[in-house]
Amino acid sequence: MRRAAAALLILAFLAAAMANFLAPYPYSEQFRDLPDASASRSHLLGTDELGRDRFSRLLYGARLSLLMAPAAALLSVGLAILIALAGVVAGPWWEHGTRAVANLFLSMPWIFLLLVARSLMPLNTAPAAVGVITFALLGLLGWAEPSRVMVAAATRYLRSDFALMAQASGCGRLRLAVVHLVPNLVPLAMAQFLIATPTFLLAEANLALLGLGVPEPLPSWGSLLRELESLGAISANVWTLAPAVLLLLVVSCFHLAVSSDKCVL
Amino acid sequence: MRCSSLVLTLLSLAVFSVAGVSGPRWGGELRISIHSEPRSLNPSLVDDDPGETYRYLTGGVLVRVNRVTQELEPELAASWTAEEAGRAIVFHLRQGVCFSDGTPFSAEDVAYTMQVLTQPGLHSPTGDTFRVGSRPVRASVIDKHTVKILFPEPAADAARLFDQVAILSKQSPLKENAVLGPFRLAEHKPGAYIRLERNPNYWKTEGGRRLPYLDAVRLEIQQNREIELLRFERGELDLLSGIDPQQFDRVAANSKLWSRDVGPSLEGELMWFNMRPSAPLPDFEKRWFSSRNFRLAISHAIRRDDLSRIVYRGHAQAGIGPFSPANRFWFDTKLAAHQFDLHLAQELLAGAGFRKEGAMLKDSGGHAVEFSILTNSGNRSRERAAAMIQEDLAALGMRINVVTQDFPALIQRITQNFQYEACLLGLINVDLDPDSQMNIWLSSAADHPWNPNQPAPATAWEAEIDRLMQAQATSLDRGKRKADFDRVQEIVWDQAPMLYLVNTDALVAASPRLRNLSPSVLRPQLLWNIDQLYFEGSK
């Protein structure tokens, strides 16, 4: 199962990376004689309400979402590792402090900060830049959840035999953290990364549904899901469901990979 | 005996039940939606659609334009006469009318309302429509039930302007919450809903009972149109107006719901550029936007027919000017929509010093032509129109960024801090007479879209529009007024400060249980006779 999930994820990433070659049309090209068209040989998943090829937009949307969501996850998990290692160097007060701050942070409605940040962006920010900034904000705001896990793990490792032996041998806290603890934290960080990636994919989709995601004409999976706002459009053309199905598939694959990783861990 | 009494009982029951369904039913709550929080519930400061709806439902006016016949009808004023060669209107008020809190209504209240509206510091959009010349409109109380409105210059058809003027109470401690309309404010949860209850002192009666038939109106604040439609289909909302064409097609296909395409409305989608000299924009952008050639080129590069066909599913016509052909008298029949002509657009741009370098259009200073079109989030038709314009203008080498923001943030940008480049919105015509557009066309008006509150007209053509609008507003000769306003429409067509994209059809739907509906192309399309609406059966 894990292999199948990994294979599907690799396939999706490859398709996203090669969107320029695989997409039959530019993502913004409007075939105005064919709005809301059903699937056909020339448009494999039909066209959207402005006559844009849905398959091409799905590929280009995957490029943005599948590259930026892992990048945001990497950012948040990287911050979490740094916080955990800082705790090893600083001592127990850091652990208590970061736990309190993380709990407080998780209780805050950060969606509003995202909305405000989006409305404060200069109006002429390029769509791709808006996408990058949106995911970067998601990554920066996503540190709390993985940091709680990473700090707890670092504290546990600090009390383990190998860490005590290293300290007894005169190993400094900084060296202990970087040389001995980081390799032990990597599998956990990997699991956190796999959990965070689909979370950020869905977060961007939520922002897009509010009309505050990646602006036109650049597609993201979130913006493609906006077609699903209209029940009439779905019933008239089931191909509008394609982005939702693909998002579901990719998120499920990530979760399958995590489940397997947890067993391994 | 038994048999005959049974027959009598059945007969009386039958008569009772027939009588019960034949007459209007009293009571019930009408649930409708508004798409954002009204910026102000003060009737003098209303400048948005939700605020207009609230004012229409609560405000009592001296006269009302019948939205179907388009004729003026008496309301709080039983009659009125024009005097002093059109410089004055004398309103004879109804007697025995009280505000919702029981405060008696008198001529003093009308004078007080006019005084509030014309306060220079208030910047009341309604007050702007009364601007004739530089001197203010004054109200003079003749007796308790007679008031004279004095205009500094002759004002044509000025009585129609009072359709928008909700009378305030001078005496009531409730101030603007004391109302004369069919409903009064009962509860307001900001961001969620406004609940109105029947005004117990409403002056209209039916069969000895005070109207309206309905007990309450609940205005749900619902920004998302799709959720609004779902709630309507589930019966949680009772009527929809200004429906998205795609949604209208869906409602029309449902035989259990009542829907109508009332035909071309006076409303349209339009786009304008920020031409305010003090706007926080680079100087070269200000030069683009103030260039007639630039604006006209963009207008000629937009495929309006595609907008009508694709975005509005055929429920729209290419926009021409301030009024659609639906306004038979005031529409200038000499004008036609700017036709799509890419070659002409390129020539106009070349004439203004723009040139294409590679795929990008650049101005004479070498700046790539890139600007944003701001529109409100949640309106899919508008967002789709913006995406189509973005594609159309790409053919000229322009890079357009479509930006969607929530409505309050957008209004803040276009009216207060002017941090925008171009804006795509709809303008609502509430009246057929051009006088109602004084707040749009006068360069000194607060709602002059592209450069509001000008101390003096920034351009010669704006000065000409000011002069013509003032002239038509003070002339009593309907033919001359028409000629003046035709000239205004021609200047606007020629200078293109606002690009008229499409005029949308009036699309409405309602619960099949709602009675006395009389849809109109004028706003509020289904609510204009709110005091006559009732539900069939109990609610």
Side-chain angles (χ1 to χ4, degrees), chain A residues 25-37 47-52 57 111-112 114-131 206-219 223-237 240, chain B residues 223-227 229-230 233 244 246-251 253-254 274 281-282 285 303 305-307 309-311 313 370-392 394 399-406 408-410 412-413 419-422:
Chain A
Y25 305 102
Y27 60 78
S28 61
E29 187 172 356
Q30 297 173 359
F31 296 89
R32 294 190 178 179
D33 293 330
L34 290 170
D36 288 320
T47 61
D48 69 5
E49 54 214 354
L50 296 182
R52 297 177 293 198
R57 288 181 66 75
I111 184 76
F112 292 108
L114 285 166
L115 296 181
V116 170
R118 177 71 181 82
S119 65
L120 288 179
M121 278 183 212
L123 295 178
N124 273 319
T125 308
V130 174
N206 286 334
L207 279 178
L209 285 171
L210 293 172
L212 298 166
V214 180
E216 290 277 4
L218 188 67
S223 62
L224 293 176
L225 288 177
R226 289 200 73 191
E227 282 192 277
L228 302 182
E229 282 180 334
S230 167
L231 266 181
I234 299 169
S235 52
N237 188 349
T240 52
Chain B
Q223 194 173 9
N224 187 305
R225 303 300 295 260
E226 191 65 29
I227 295 174
L229 179 61
L230 283 172
E233 288 174 331
D244 182 87
Q246 192 175 22
Q247 295 180 337
F248 177 79
D249 286 348
R250 181 167 133 201
V251 174
N254 187 339
N274 184 355
L281 299 176
E285 282 193 14
R303 297 172 188 258
D305 290 345
D306 282 356
L307 286 177
R309 182 174 54 84
I310 296 173
V311 178
R313 299 187 167 236
E370 177 177 4
F371 62 88
S372 58
I373 297 178
L374 181 64
T375 191
N376 59 311
S377 58
N379 186 323
R380 288 289 281 156
S381 294
R382 216 163 269 162
E383 289 174 26
R384 286 194 287 260
M388 291 189 77
I389 293 169
Q390 183 182 46
E391 180 80 352
D392 284 343
R399 185 177 295 152
I400 307 300
N401 299 304
V402 176
V403 179
T404 55
Q405 294 205 338
D406 63 289
L410 180 143
Q412 180 93 5
R413 280 186 184 267
Q419 290 176 357
Y420 76 102
E421 288 158 322

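The structure displayed is predicted, hence computed values, not measured ones. Below, chain A is the first sequence line, B the second, and so on; all start at residue 1.
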For B/D244, is it the side chain, the backbone, both or neither that has a heavy atom under 4.5 Å from a heavy atom of chain A?
-> neither

With chain B, the option among A/D36, A/T125, A/L50 that has the most non-hydrogen atom pairs under 4.5 Å is A/L50

Contact summary for A/L123 and B/N401, nearest pair of heavy atoms = O-CB, 3.9 Å

Top of A/P217, A/A126, A/P122 for chain B proximity - count of heavy-atom pairs under 4.5 angstrom | A/P217

When you check the gap from the basic side-chain N to the acidic O, do B/D305 and A/R32 get nearer than 4.0 Å?
-> no

Non-hydrogen atoms of A/N124 and B/S372 that approach each other most closely | OD1-N, 3.2 Å

Check: A/E216 main-chain N/O paired with B/Q390 side-chain donor or acceptor under 3.5 Å = yes

Which atoms of B/R225 approach chain A - backbone, side chain, both or neither, heavy atom under 4.5 Å = neither

When the 4.5 angstrom heavy-atom criterion is applied to B/R384 and chain A, the contacting part is both

So which part of A/P35 gets closer than 4.5 Å to some heavy atom of chain B, the side chain, the backbone, both or neither?
-> side chain

Considering only heavy atoms, which portion of B/A387 lies under 4.5 Å from any heavy atom of chain A: side chain, backbone, both, or neither?
-> both

Contact part of B/I373 toward chain A, heavy-atom cut-off under 4.5 Å: side chain, backbone, both or neither?
-> neither

Considering only heavy atoms, which portion of B/E285 lies under 4.5 Å from any heavy atom of chain A: side chain, backbone, both, or neither?
-> side chain

Return yes when atom CZ of B/R313 has more than 12 non-hydrogen atoms of other residues, nucleotides or ligands closer than 6.0 Å, and no otherwise.
-> yes

Proximal component of B/E370, with respect to chain A [non-hydrogen, under 4.5 Å] = both

Heavy-atom pair count under 4.5 Å with chain A, highest-scoring of B/R303, B/Q419, B/M388 | B/M388

Does the side chain of A/D33 reach to within under 4.5 Å of the side chain of B/R309, using non-hydrogen atoms?
-> yes

If you round to the nearest 0.5 Å, how far is CD1 of B/I310 from CD of A/Q30?
-> 7.0 Å

